[in-house]
Chemist: 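Have a look at this one before I ask anything.
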Amino acid sequence: MHRPWRSVLEEIARVVSSSVGIEFEKVLKGFDVPKESFGDLTLVLPRAGIDPSKGEEVRKAVEGCSYVAKSELVGIYLNMWFDRARFVEKVFRSFVEAGNSYGVVRFPSRRIVVEYVSANPVHPLHVGAARNAALGQALANMLEAAGHVVQRRFYINDVGRQVAILVLGIKLLGELEPPHGWKPDHWLGMVYAATNILMELKKVREELSQVVSDERRKELIDRMDKLLADLARIREALPDAVDKLIDAMDRVDPEREVVEIARKYEAGDPEVKDFVRKVVELCIQGFKQTLDRFGARFDVWDWESDLVWSSEVSKIVEQLSRSPYRTLYKGVPAIDFSTLLKDPNIREKLRIPKGLEVPPLILMRSDETTLYTVRDIAYTLKKFRDFNADTVINVIASEQLLPQAQLRLALYVLGYRKEAENLIHYSYEMVQLSGFRMSSRRGRIVTLDEVLDEAKTRAYAELEKRGNPNEEIAERIGVAAVKFALVSVSPNRPVRFSWENVLNFERNSAPYLLYTYARTRGILRKAEELGIATEPRKLLEIYDPSFANDNARRWRLVKMIAELPETFVRAVENLDPSMLAIYALKLADEFNSWYDEDPVIRESNEGVRASKLLLVHAVSHCLATTLRILGIEPLERM
RNA sequence: GGGCCCGUAGCUCAGCCAGGAUAGAGCGCCGGCCUUCUAAGCCGGUGGUCCGGGGUUCAAAUCCCCGCGGGCCCGCCA
């Protein structure tokens, strides 16, 4: 395991530990990276549990450590300057020896299921799903890099009202073939929204036909206007279909039909089953195109309906019904968690916030159809079972906190304690649109497809400006820009979507990182063309370890190279890939500054040039490693 | 009413979980740098009651409490 930074710190900590008799771990915690003028490393004495009066003693001990060239005691701080040449040697050796695996640290391997995206198959994926996809893939990549065995799953929510509404729309339209030029999920999304709106309009009109107060009447008319405006927008795109739906809607009782479709589907009625599956599959087909483009891959696609038909869900209902926590809630069977939640240990084990009140989990509707969270219990168990998983991670927006808590509690009640403890709700805040609220039911969404298209267009324009337009490269840059924008902010901070934000191509962006990487590759390529050896092992034979002695930028870069494994460990422990994104940006910043003032190839001293080339290799590798984890494949040229 | 998350420069965000020395980037704005490894770059300048108030501490953007503002949730939806 190559962790140069860590091993240097450990060496110093050992010396300190034995000199003052404070535990090694405690000393390690006392280290901090100070401002540059204060050295490379500082030991905050009180934090390490060391009395500042013993400072001089510790300082003398530390000076005996081979990596410390100089030390200075300033108040409670013991500032240390490293022996740069020794440190450089350590870092370069680690880098070369580790080869491709430098920067990632293997953890004890676990089997982990990551469920992500799992968008409702009734409309195209929107920017919210994109954040999920970006986070989920980065998370899965990161865990894999850490040595875990990861399985990626997509849960197809084909049971329930939403799909039934879409199916009704398709049925009324009488065709399951998107018009020419339409991506299937986009078309279905329109049909879904139109059907939804028409159903609501019908309800509003019915209420209006009865006697209601003037105030209510005003409200209803207002709502009707809004619905009509949304409908008009859809009609612009699909006039024939909408007209046909308007017409057909008059002849049916849509509410009844929807309930009927949902009920028959759950019951496994062969005809309905066949038709619903066809519709949903069409939507999934559209999803797959987009997800593929976005780099979100899945090992398994699970159909929610399969769980219902296989009676796995009813078994859960049955088991829960026998539980002592069973109660009646508004006349239907439910599970009451309130007694369970009085036990603070259970709360802690199941990671349920201390003040959170969890409402009862209703086991089934009065018409005996199933409910989402109950179906999810069966699904969770399936995920654990199928993959023999140690951990299951659900990447789901924070708005689902409550049902996810119910899920863990229900597993606990069922006796699946290990599963309950190892089910992680990987929560993230949603993407907000400034200006308007997305509503898939109204057909008002910003789709991932249009965001990616726009990103590509902008990247293409930029490439054109530089005189080498290239479709494929534009696509990769565009997709990377969007992904990075969504994954580089920490998950529990809401992302405000704006085109400027997501399609930023300047600093703090994927294009900036890709550009920087391409620069590193450019140097190595050019060196080879000039007949300069660039093979790291060869360079290690002739390099000059003192090349950073009098150069702040070279030195900073070496330290940053040493830092990657530590950043990686922290990112894995916190399940936070955004830490890697932040690291990559800082590394790129430092590299670009260095690049500008300190030429590599024109360096006349062979040893120094070898050191510089090693540094370029290392930066190149660290950028590539972080980018790949974030789901971005670096480009050799831009 | 209760809960979760967020509040740091005009804007977008690091730093907070593991408290430490004058709080960091980018965008924007102003001014420089392309006969020298890719200017999607570099250098300099501008810009901050770290939402407010208490508390803990030798030390608080960071921990605790109380407020305020914003997003989300509290459904026989998913």
Side-chain angles (χ1 to χ4, degrees), chain A residues 29-30 32 34-35 37-38 42 44-47 52 74-77 79 118 120 122 157 159-163 304 329-332 334 353-359 362-373 375-376 397-403 405 427-430 432 459 462-463 465-466 477 481 485 488-496 498 500-501 504-516 518-527 529-530 570 573-574 576 578-579 581-582 585-586 588-589 592-603 612 616 637-638:
Chain A
K29 282 189 181 143
D32 205 352
K35 210 166 291 266
S37 57
F38 292 130
T42 192
V44 186
L45 297 172
R47 209 209 277 179
V74 184
I76 58 166
Y77 304 98
N79 295 332
S118 301
N120 287 323
V122 292
N157 306 123
V159 178
R161 187 177 161 85
Q162 302 194 47
V163 167
E304 193 176 15
Y329 180 77
K330 297 184 186 169
V332 282
K354 64 176 189 298
L356 186 67
E357 284 172 44
V358 181
I362 292 170
L363 295 179
M364 62 167 77
R365 294 194 185 90
S366 42
D367 68 359
E368 302 201 336
T369 55
T370 59
L371 282 148
Y372 176 79
T373 307
R375 296 193 294 266
D376 210 8
S398 69
E399 59 179 356
Q400 298 229 38
L401 179 121
L402 214 44
S427 158
Y428 61 92
E429 291 296 320
M430 299 203 293
Q432 295 167 3
E462 193 64 40
L463 288 169
K465 241 195 274 176
R466 288 145 205 277
I477 294 170
S488 60
V489 287
S490 80
N492 49 8
R493 181 189 279 272
V495 166
R496 201 155 329 147
S498 71
E500 300 76 51
N501 214 341
N504 168 28
F505 283 14
E506 291 174 309
R507 226 144 134 188
N508 289 1
S509 72
Y512 171 70
L513 292 176
L514 288 170
Y515 179 75
T516 307
R519 272 183 155 178
T520 64
R521 300 305 298 168
I523 295 171
L524 297 170
R525 199 166 46 234
K526 189 81 170 221
E529 281 167 23
L530 295 171
R570 279 181 36 144
E573 284 172 353
N574 290 289
D576 188 354
S578 73
M579 289 180 177
I582 303 297
L585 288 173
K586 268 168 50 190
D589 286 348
N592 281 317
S593 295
W594 176 59
Y595 176 95
D596 218 60
E597 67 169 37
D598 193 9
V600 174
I601 291 170
R602 282 184 296 123
E603 170 63 54
K612 289 182 175 181
V616 173
R637 301 165 196 269
M638 258 173 87

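In what follows, every chain begins at residue 1, and chains take the letters A, B, ... in the order their sequences are listed. Source: prediction; values computed, not measured. Values below: every heavy atom of this structure, side chains too, minus hydrogens, waters and symmetry copies.
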Chemist: Taking atom P in both B/U22 and B/A40, what distance in whole Å separates the two?
Modeler: 39 Å
Chemist: Determine the Euclidean distance between corresponding P atoms of B/C50 and B/G7; express it in Å to zero decimal places.
Modeler: 14 Å
Chemist: Nearest heavy atom decides the nucleotide; on that basis, is A/Ala588 or A/Asp576 closer to the 5' end of RNA chain B?
Modeler: A/Asp576
Chemist: Write down the distance between CG (A/Asp32) and P (B/C16), rounded to a whole number of angstrom.
Modeler: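 Result: 10 Å.
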Chemist: Is A/Lys330 touching bases, backbone alone, or none of the nucleic acid, heavy atoms closer than 4.0 Å?
Modeler: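 If one applies the 4.0 Å heavy-atom cut-off, A/Lys330 turns out to touch a base.
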Chemist: Please check if atom CZ in A/Arg637 has more than 12 non-hydrogen atoms from other residues, nucleotides or ligands closer than 6.0 Å.
Modeler: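 Atom CZ in A/Arg637 is not packed in, count stays at 12 or less.
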Chemist: Roughly how many Å apart are B/A39 and B/C34, using the P atom of each and rounding to a whole number?
Modeler: 12 Å
Chemist: Any strand is fair game: report the nucleotide pairing with B/U38 by Watson-Crick or G-U wobble, both distances under 3.5 Å, or none.
Modeler: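 Because no pair has both required distances under 3.5 Å, B/U38 counts as unpaired.
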Chemist: Between P on B/G26 and CG on A/Asp589, what's the gap in Å once rounded to a whole number?
Modeler: 7 Å
Chemist: What nucleotide, of B/C74, B/C76, B/C17, holds the atom closest to the side chain of A/Asn574?
Modeler: B/C17
Chemist: Before you tell me yes or no, could you show the steps for A/Asp589 and A/Thr516 under side-chain contact (heavy atoms from CB on, under 4.5 Å), namely the whole-Å CA-CA distance, both residues' side-chain angles and the distance that decides it to 0.1 Å?
Modeler: CA-CA 9 Å; A/Asp589 286 348; A/Thr516 307; over 6 Å; no
Chemist: How far, in whole Å, is B/U56 from B/A61 if one measures between their P atoms?
Modeler: 16 Å
Chemist: Using atom NZ of A/Lys354 as one end and atom C1' of B/C65 as the other, report the distance to the nearest whole Å.
Modeler: 11 Å
Chemist: So, A/Ser509 and A/Asn504: side-chain donor and acceptor under 3.5 Å apart, yes or no?
Modeler: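 The criterion, which ignores hydrogens and geometry beyond distance, is not satisfied for A/Asn504 and A/Ser509.
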Chemist: Please list, for nucleotides 34-40 of chain B, all pairs of protein and nucleotide N/O atoms separated by less than 3.5 Å.
Modeler:
from	atom 1	to	atom 2	distance (Å)
B/U36	O2'	A/Arg602	NE	2.9
B/U36	O2	A/Arg602	NH1	3.3
B/U36	O2	A/Arg602	NH2	2.4
B/C37	O2	A/Val600	N	3.3
B/C37	O2	A/Ile601	N	3.2
B/C37	N3	A/Val600	N	3.0
B/C37	N4	A/Tyr595	O	2.3
B/C37	N4	A/Asp598	O	3.4
B/U38	O5'	A/Tyr595	OH	3.4
B/U38	O2'	A/Tyr515	OH	2.0
B/U38	N3	A/Met638	O	3.0
B/U38	O4	A/Met638	N	2.7
B/A39	OP2	A/Arg519	NH2	2.6
B/A40	OP1	A/Arg466	NH1	2.5
B/A40	OP1	A/Tyr515	OH	3.4
B/A40	OP2	A/Arg466	NH1	2.6
B/A40	OP2	A/Arg466	NH2	2.5
B/A40	O5'	A/Arg466	NH2	3.4
B/A40	O4'	A/Arg466	NH2	3.1
B/A40	N9	A/Arg466	NH2	3.2
B/A40	N7	A/Arg466	NE	3.4
B/A40	N7	A/Arg466	NH1	3.1
B/A40	N7	A/Arg466	NH2	3.3

Chemist: What's the closest nucleotide to the A/Ser593 side chain, out of B/C43, B/A78, B/C73?
Modeler: B/C43
Chemist: Paired with B/U46: which nucleotide, if any, by Watson-Crick or G-U wobble criteria at under 3.5 Å for both distances?
Modeler: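 Across all strands, the one nucleotide that pairs with B/U46 is B/G28.
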Chemist: Can you check the distance between B/C58 and B/C30, where both ends of the measurement are the P atom (answer in whole Å)?
Modeler: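 One P to the other, the span is 50 Å.
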Chemist: Heavy atoms under 4.0 Å is the rule here; annotate nucleotides 6-13 of chain B 5' to 3' with B where the base is hit, S where only the sugar-phosphate is, and - elsewhere.
Modeler: SSB---SS
Chemist: Taking B/G69 as the reference, what is the distance to B/G53 when you measure between their C1' atoms (whole Å, please)?
Modeler: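 After rounding to an integer number of Å, I get 15 Å for this pair.
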Chemist: Rounded to whole Å, please give me the gap between CD in A/Gln400 and P in B/G75.
Modeler: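 Nearest whole value for this atom pair: 14 Å.
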Chemist: If you compare every side-chain N and O of A/Lys35 against the phosphate oxygens of B/G24 (OP1, OP2), does one of them come in below 4.0 Å?
Modeler: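 A/Lys35 to B/G24 OP1/OP2: side-chain N or O found under 4.0 Å.
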Chemist: Within the structure, does a side-chain N or O atom of A/Arg375 lie under 4.0 Å from either OP1 or OP2 of B/A78?
Modeler: yes
Chemist: Check the distance between B/A18's C1' and A/Met579's CE and give it to me in whole angstrom.
Modeler: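 Checked: the CE to C1' distance equals 11 Å.
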Chemist: Return the minimal non-hydrogen interatomic distance between A/Ser578 and A/Ser490, and the atom names on each side.
Modeler: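 Heavy-atom minimum between the residues: OG-CA, 3.8 Å.
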Chemist: Say you pick atom C1' in B/C6 and the same atom in B/C43; how far apart are they, in whole Å?
Modeler: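 Taking atom C1' in both B/C6 and B/C43, they lie 35 Å apart.
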Chemist: Send over the distance from A/Leu356 CG to B/C72 P, rounded to a whole Å.
Modeler: 18 Å
Chemist: Using 0.5 Å steps for rounding, measure from the OG1 atom of A/Thr42 to the CZ atom of A/Arg47.
Modeler: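 A/Thr42 atom OG1 to A/Arg47 atom CZ measures 9.0 Å (nearest 0.5 Å).
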Chemist: Salt bridge or not for A/Lys465 and A/Glu462, using N-O below 4.0 Å?
Modeler: yes
Chemist: Using 0.5 Å steps for rounding, measure from the NZ atom of A/Lys526 to the CD1 atom of A/Ile523.
Modeler: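 Answer rounded to 0.5 Å: 11.0 Å.
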Chemist: Establish, from distance only, whether the side-chain atoms of A/Asn592 and A/Arg519 form a donor-acceptor pair under 3.5 Å.
Modeler: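 Side chains of A/Asn592 and A/Arg519: pair found under 3.5 Å.
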Chemist: So which nucleotide does B/A78 pair with, by the Watson-Crick or G-U wobble rule with both distances under 3.5 Å?
Modeler: none
Chemist: Could you check how far CG of A/Leu585 sits from P of B/G41, rounded to whole Å?
Modeler: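 Those two atoms, CG and P, are 12 Å apart.
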Chemist: Working to the nearest 0.5 Å, report the span between CG of A/Asp376 and OG1 of A/Thr370.
Modeler: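 Atom-to-atom, A/Asp376:CG and A/Thr370:OG1 are 11.5 Å apart.
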Chemist: NA contact type, A/Ile76, heavy-atom cut-off 4.0 Å: base, sugar-phosphate, or nothing?
Modeler: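 Base contact.
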Chemist: Of the non-hydrogen atoms in A/Asn157 and A/Ser118, which two are nearest, and what is the gap between them?
Modeler: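 Smallest heavy-atom distance, with atoms named: OD1-O, 3.1 Å.
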Chemist: Under the side-chain contact (heavy atoms from CB on, under 4.5 Å) criterion, do A/Arg507 and A/Tyr515 qualify, and how do the steps go?
Modeler: CA-CA 10 Å; A/Arg507 226 144 134 188; A/Tyr515 179 75; over 6 Å; no
Chemist: Roughly how many Å is it from CE in A/Met430 to C1' in B/A78, rounded to a whole number?
Modeler: 13 Å
Chemist: Syn or anti for B/C65, given that syn means the glycosidic angle lies within 90° of 0?
Modeler: anti
Chemist: Under 4.0 Å, heavy atoms only, any strand: does A/Glu500 hit a base, just the sugar-phosphate, or nothing?
Modeler: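 No contact.
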Chemist: Now, which nucleotide makes the Watson-Crick or G-U wobble pair with B/U62, with each of the two distances under 3.5 Å?
Modeler: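 Its partner is none (no Watson-Crick or G-U wobble pair with both distances under 3.5 Å).
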Chemist: Calculate, to the nearest 0.5 Å, the distance between atoms CE and CZ belonging to A/Met638 and A/Arg521 respectively.
Modeler: 15.5 Å
Chemist: Take atom C1' in B/G41 and the same atom in B/U36, then report the distance between them in whole Å.
Modeler: 15 Å
Chemist: With a 3.5 angstrom cut-off on both distances, give the Watson-Crick or G-U wobble partner of B/C4, or none if there isn't one.
Modeler: B/G71
